[in-house]
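Some notes on the structure that comes next.
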Amino acid sequence: MNESDPELSAMAQELWDNDMNRLQPGKDYRISLQEKAGITQSNDDGNDGATSPLFTFVDENIFKKETFLAFISLLDNYESDTGEPEVVTPEEEAENHRFLNSVMNTPTMKIAHKYLVEKQLSPEDTEKFKKQLYRIWFELYARRGSTRPDSSGFEHVFVGETRGGRTVIGFHNWIQLYLQEKLGHVDYRGYSLDANSPQPDEEKHILALQFSWKNGIKPKGSIFIGVSPEFEFALYTLCFLTSPNERVKVSFSIYEVEIVCHHYNQKHIGTTYPILIKYLRN
């Protein structure tokens, strides 16, 4: 797949243009890239390329906005270990619905919903659409090696999970990363770079990185930084429902990005995250 999908690119651009809650690098937040991370599979092999945290400043006033508040309330609702069954309490279910209600009130989700209705991929009725979103993101399923429901798309992508106590899987969200780093639970270990990757930039909104969390290591992860929860939720939902492929290339703003979106049983999101291909301009 060499070319960006023109229709999805146009939608991604529209979502980007309407992401009213996106933070501005250097003003609303600042990051410190430091050095490139080493290749590692463990926490104690001396390949740490960063002696300081990734985030040097975040204007936390943004967290008072409705979608951010609703999003953050979900981050402590999960058992991180795969194989550990999830129990959803009535309060947690209410928080899931509160988050869906809050994102549905944003321009980005309204744009995504309208497009999906036009493509006959989602119901026009808002309540039915929210049920579809709930199934995709919040319905529990059993990950590989587990016999009982222990995961969900939301948990994997936005919260993160651990496997075998040594490996971090998922965890592709900057808000969770910032909050966990602030608590001392995340150790940023430097940016990731391979032969085909553009040099990362502290003023850009996409970063490949390495970090440790809960005694496990994420050897290489990739995240949007500074975007709103509704932007990611809308973009990933669009990619999941419109593309039978597990990778789709889109171009928007100054980015050419591959969105990885693995389906789980065709009903749920297994994982989804961005990979920066190149900057279209600096």
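Computed over heavy atoms, backbone and side chain alike; hydrogens, waters and symmetry mates excluded. Source: prediction; values computed, not measured.
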Output for pair (M109 CE, S102 OG), nearest 0.5 Å, gives 10.0 Å
Between W16 and H205, is the side chain to side chain contact (heavy atoms under 4.5 Å, CB included) condition met? List the steps. CA-CA 11 Å; W16 184 262; H205 283 283; 3.6 Å; yes
Set of side chain to side chain donor-acceptor pair (under 3.5 Å) partners for D19, sequence neighbours left out: S228
Enumerate the residue pairs fulfilling salt bridge (charged side-chain N to carboxylate O under 4.0 Å, His left out) with a member in residues 100-121, sequence neighbours excluded, ordered by first and then second residue. E7-K119, K114-E118
Assess whether side chain to side chain contact (heavy atoms under 4.5 Å, CB included) is satisfied between V250 and S9, documenting all intermediate values. CA-CA 5 Å; V250 294; S9 292; 3.8 Å; yes
Check the pair T242, L116 against side chain to side chain contact (heavy atoms under 4.5 Å, CB included), reporting the backbone distance first and the verdict last. CA-CA 8 Å; T242 61; L116 290 167; 4.0 Å; yes
Ignoring hydrogens and angles, write down the donor-acceptor pairs under 3.5 Å from the side chains of residues 173-182, residues two or more places apart or on other chains.
from, atom 1, to, atom 2, distance (Å)
N173, OD1, I175, N, 3.0
N173, OD1, Q176, N, 3.0
N173, ND2, E232, OE2, 2.9
W174, NE1, V227, O, 2.8
Q176, NE2, V159, O, 3.0
Y178, OH, E60, OE2, 2.4
Q180, OE1, H185, ND1, 3.2
Q180, OE1, W213, NE1, 2.9
E181, OE1, L54, N, 3.4
E181, OE1, F55, N, 3.1
E181, OE2, L54, N, 2.8
K182, NZ, E60, OE1, 3.3
K182, NZ, E60, OE2, 2.7

From L15 atom CG to S253 atom OG, the distance as rounded to the nearest 0.5 Å: 12.5 Å
With no hydrogens and no angle check, do the side chains of H262 and T271 hold a donor and an acceptor under 3.5 Å apart? no
Distance (rounded to the nearest 0.5 Å) between T126 OG1 and L100 CG: 12.0 Å
How far does CZ of R22 sit from CD of E230, to the nearest 0.5 angstrom? 10.5 Å
Y188: partners by ring-ring contact (aromatic ring centres under 6.0 Å, His included), with sequence neighbours left out: none
Under 3.5 Å, is there a donor-acceptor pair between the side chain of S32 and the main chain of T56? no
Is the distance between the ring centroids of F154 and F71 under 6.0 Å? yes
Counting only heavy atoms from other residues, nucleotides and ligands, does the tally under 6.0 Å from CD of E246 exceed 12? yes
Tell me yes or no: between the side chains of D17 and Q13, is some donor less than 3.5 Å from an acceptor? yes
K267 charged N/C atom sitting above Y141 aromatic ring, 6.0 Å / 45°: no
Check: P274 main-chain N/O paired with S222 side-chain donor or acceptor under 3.5 Å: yes
Without swapping roles, check the side chain of E161 against the backbone of G170 for a donor-acceptor pair under 3.5 Å. no
To the nearest 0.5 Å, what is the distance between NZ on K220 and OG on S192? 5.5 Å
Q34 side chain vs T51 backbone, donor-acceptor pair below 3.5 Å: yes
Quick one: do I254 and K204 satisfy side chain to side chain contact (heavy atoms under 4.5 Å, CB included)? Show the steps, please. CA-CA 9 Å; I254 60 169; K204 303 295 192 293; 3.3 Å; yes
With a cut-off of 6.0 Å (strictly less than), are more than 12 heavy atoms of other residues, nucleotides or ligands near CD of E91? no
Identify whether the distance between the nearest side-chain nitrogen and carboxylate oxygen of E256 and K249 falls below 4.0 Å. yes
Can you name the ring-ring contact (aromatic ring centres under 6.0 Å, His included) partners of H97, sequence neighbours left out? Y134
Measure from the side-chain N and O atoms of S152 to the backbone N and O of F138, and report whether any donor-acceptor pair falls under 3.5 Å. no
What's the spacing between H172 NE2 and F224 CZ if we round to 0.5 Å? 12.0 Å
Starting from L121, can I reach F240 by hopping between I/L/V/M/F/W/Y residues whose side chains sit under 4.5 Å apart? yes
Y191 side chain to D201 backbone, donor-acceptor under 3.5 Å: no
So, are D125 and K128 salt-bridged, with charged N and O less than 4.0 Å apart? no
With a 4.5 Å cut-off on side-chain heavy atoms, are F171 and K214 touching? no
Contacts of Y236 that satisfy ring-ring contact (aromatic ring centres under 6.0 Å, His included) - sequence neighbours left out: none
Hphob cluster co-occupancy, V248 + I275, side-chain heavy atoms under 4.5 angstrom: no
